**Student:** 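Here it is, the structure, as structure tokens.
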Amino acid sequence: MSFLRVNNLSVRLKKGPPLLRRVSLQVAAGDVHGLVGESGAGKSMIGKAVLGILPPSVEVTGGEIWLDGVDLLSLPLAERRRRIGATAALIPQDPLTALNPSHRIGPQITDRLVDILGWSRADANRRALELLAEVQIPDPDRVMRSYPHELSGGMRQRILIASAFAAEPKLIVADEPTTALDVTVQKQILKLIAGMQARHGTALLFVTHDLGVVSKVCQRLSVLYAGMVVEDTSVADFFAAPRHAYSAALLAATPKYTDPAAGLQPVPDAVIAQVRAEVVAFDRGAAHG
Amino acid sequence: MQILRVLLLRLLTTAITLAGVAVIVFFVIRVVPGNPIAMMLPPGATDEDIARLSALYGLDKPMITQFGIWLSGVVQGDFGTSITTRQPVLALVLGRLPATLELSIMALVMAMILGGAAALAGTRFRGGRTEGAIDVANGMALSVPDFLWGLVLILLFGVLVPIFHISGRVTPSLELPFTTDFYLFESLFRLRFDLWADIVAHMFMPALALAIPLAAIIVQLLKQSLKETMNLDYVTLSRTKGYGETRVILREALRNAALPTLTLVGVQFTFLIGGTVIIERLFSYEGLGNMAIDAVINRDLPLIQGIVILFAVIFTGVNLIVDLLYTVLNPRLRHG
């Protein structure tokens with residue numbers, strides 16, 4: 001039974017063009033599911049919809065989001081927030097803006113445990129210290145009492161990862177968690193997330209535009225174009241033989257560090273034309289259906 | 001350490017500012033037409049009388065000598081003697097200061113409560129009718145000056161529905177057991193709630209008249225910066241933790257959004273204190289402002305000087321407090 005099941009989710013700008021076109025995907029407990037696509041393909045939008053943080057300019061026009069056996073979209077707002085807070089978590093994209101500058105680190109890790117899940121402050125602090133040690137932060141006691149501006153970007157991302165795992169969620173959405181970091185730090189953070197995921201058995205929805213990352217951490221992936229899932233397959237199958245022409249072109253466009261002479265391969269125009277035609281056909285079908 | 005350095009630096013600049021104010025006020029009120037001696041003598045006084053009285057108050061000496069005498073007195077804490085009341089200026093001014101401070105602080109508290117509540121409500125229900133209503137009320141509050149609000153309040157709650165007193169600071173027939181001039185605070189301290197209620201009933205309308213324009217400014221600024229803060233990443237992250245929208249606003253957004261508002265409130269608070277001059281007159285409230293108007297009418301030069309210096313001290317003091325508060329609220333400024 002999948003822990004997260006998204007059925008035919010459609011999202012659009014209010015009175016504007018569609019952003020997600022009947023997206024469906026399933027993430028089994030403990031699995032890592034990659035969401036790849038170009039900028040604007042809607043991969044982050046899926047993560048936001050699952051966590052109930054779609055921007056106010058956007059509306060859900062149809063579909064279901066089943067999280068742990070409950071359709072989130074059928075719940076009233078407060079109840080939906082509580083359920084998401086208790087069972088899911090976010091590793092945000094930019095660690096520099098995702099921590100509140102006027103609160104100390106400690107409360108930002110323990111707040112959910114104390115306020116939403118009703119832990120005692122002492123238990124929550126003990127748990128936060130354990131997690132900070134697990135994400136390899138030296139001197140966790142001092143860090144708990146620090147303010148965000150006193151810590152580096154890599155440290156802050158480790159803290160956000162610790163905070164995401166604090167309540168042992170069943171699902172974590174990682175929204176391009178390494179994009180804002182130094183290349184040297186990216187690899188460590190990626191390894192850390194993969195290691196934590198494996199140890200805690202958490203399902204992970206991994207939003208990225210880096211197929212190299214997908215090949216290392218994911219079991220399945222969905223390829224998106226213009227808010228449409230063009231391919232949903234296992235990572236092994238994808239890298240062996242992508243079924244959709246766009247997927248194949250995307251794979252070919254990934255730079256190969258082993259062969260610098262190969263140069264960059266843009267997605268061919270013919271493939272773009274083909275996948276665009278599919279989007280148009282979909283919209284026409286939706287308009288008539 | 002940082003706070004101490006800021007404090008020392010500010011005390012130095014404050015001293016320079018006050019010296020400048022002292023020079024300007026001293027010479028300006030002697031250059032403008034009007035003569036205190038002429039105000040004191042009855043019509044038909046001889047030139048000899050005028051000369052004698054001028055000599056008595058030292059007004060016959062060259063202006064620069066007069067300034068020297070006054071300044072050396074001020075440095076020793078002697079602000080001279082009021083010409084009209086023949087009492088020491090310092091005692092007169094300090095006797096009225098508590099009334100004006102209490103009125104200003106009450107107005108500030110009212111403005112922060114009113115403005116803060118409206119800004120929070122407008123943010124919580126943003127994009128809806130509640131926000132629209134708040135914006136309309138806000139525009140009205142901003143476009144009418146404090147003394148007109150004073151008149152409106154007098155008509156509404158002094159005449160039509162007389163629930164507040166329209167003049168004075170306290171009902172004159174009451175026995176006052178106070179040892180300080182801080183009636184509002186001392187009545188609370190002595191647990192004399194009967195007196196406290198009477199004082200509040202006197203202060204309520206002048207304080208509200210002063211508070212309304214400031215509240216409107218607070219609403220405008222705080223609501224704007226709250227709305228911007230509500231779209232920041234850390235606020236979004238806290239939504240995924242399970243918090244409801246009200247708690248998100250109060251816990252995550254308010255403190256960071258309040259910072260820019262706070263600086264402006266400091267500046268505006270000094271305008272509010274300036275506004276007490278007319279408002280105190282309107283409500284016959286026995287504070288510094290009322291005294292200032294009388295002093296100007298009577299050309300009571302030493303008293304005007306004393307009041308202006310005191311206002312300058314208050315203004316610079318308020319700015320200093322705001323700067324320090326800013327440092328305390330914003331952890332990033334603490335280790336500069």
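Below, each value reflects all heavy atoms present in this structure, side chains not excepted, and no hydrogens, waters or symmetry copies. Chain A is the first sequence line, chain B the second, and so forth, proteins listed ahead of strands; every chain is numbered from 1. From a predicted model like this one, the values you see are computed outputs, not experimental measurements.
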**Student:** For the residue pair A:Ser44 and A:Asp175, confirm or rule out a side-chain donor-acceptor distance under 3.5 Å.
**Tutor:** yes
**Student:** Pick whichever of A:Pro101, A:Ala88, A:Ala86, A:Ala89 has the most heavy-atom pairs under 4.5 Å with chain B.
**Tutor:** A:Pro101
**Student:** In terms of heavy-atom pairs under 4.5 Å, which option from A:Leu96, A:Asp94, A:Asn100, A:Ile53 contacts chain B the most?
**Tutor:** A:Asn100
**Student:** Out of A:Ala164, A:Ala98, A:Ala167, which one racks up the most heavy-atom pairs below 4.5 Å with chain B?
**Tutor:** A:Ala98
**Student:** Is a donor from one side chain sitting under 3.5 angstrom from an acceptor on the other, for A:Ser222 and A:His33?
**Tutor:** yes
**Student:** Who wins among A:Val173, A:Ile116, A:Leu117, A:Asp111 for the most heavy-atom pairs under 4.5 Å with chain B?
**Tutor:** A:Asp111
**Student:** Please state whether the side chain, the backbone, both or neither of B:Arg251 comes within less than 4.5 Å of a heavy atom of chain A.
**Tutor:** both
**Student:** Just by distance, no angles: are the side chains of B:Gln220 and B:Gln224 close enough, under 3.5 Å, to form a donor-acceptor pair?
**Tutor:** no
**Student:** Closer than 3.5 angstrom, by distance alone: can the side chain of A:Ser2 be matched with the main-chain N or O of A:Arg5 as a donor-acceptor pair?
**Tutor:** no
**Student:** Below 4.5 Å, heavy atoms only, C-beta onward: do B:Leu232 and A:Thr97 meet side chain to side chain?
**Tutor:** no
**Student:** Side chain from CB out, backbone as N, CA, C, O: work out which of these in A:Leu160 comes under 4.5 Å of a heavy atom of chain B, or both, or neither.
**Tutor:** side chain
**Student:** Quick check on the interface: out of B:Asn256, B:Thr236, B:Leu237, B:Leu259, who has the most heavy-atom pairs with chain A under 4.5 Å?
**Tutor:** B:Asn256
**Student:** Please classify the contact between A:Leu90 and chain B as side chain, backbone, both or neither, with a heavy-atom cut-off of under 4.5 Å.
**Tutor:** both
**Student:** Does A:Lys14 offer a backbone N or O that forms a donor-acceptor pair with the side chain of A:Glu59 under 3.5 Å?
**Tutor:** no
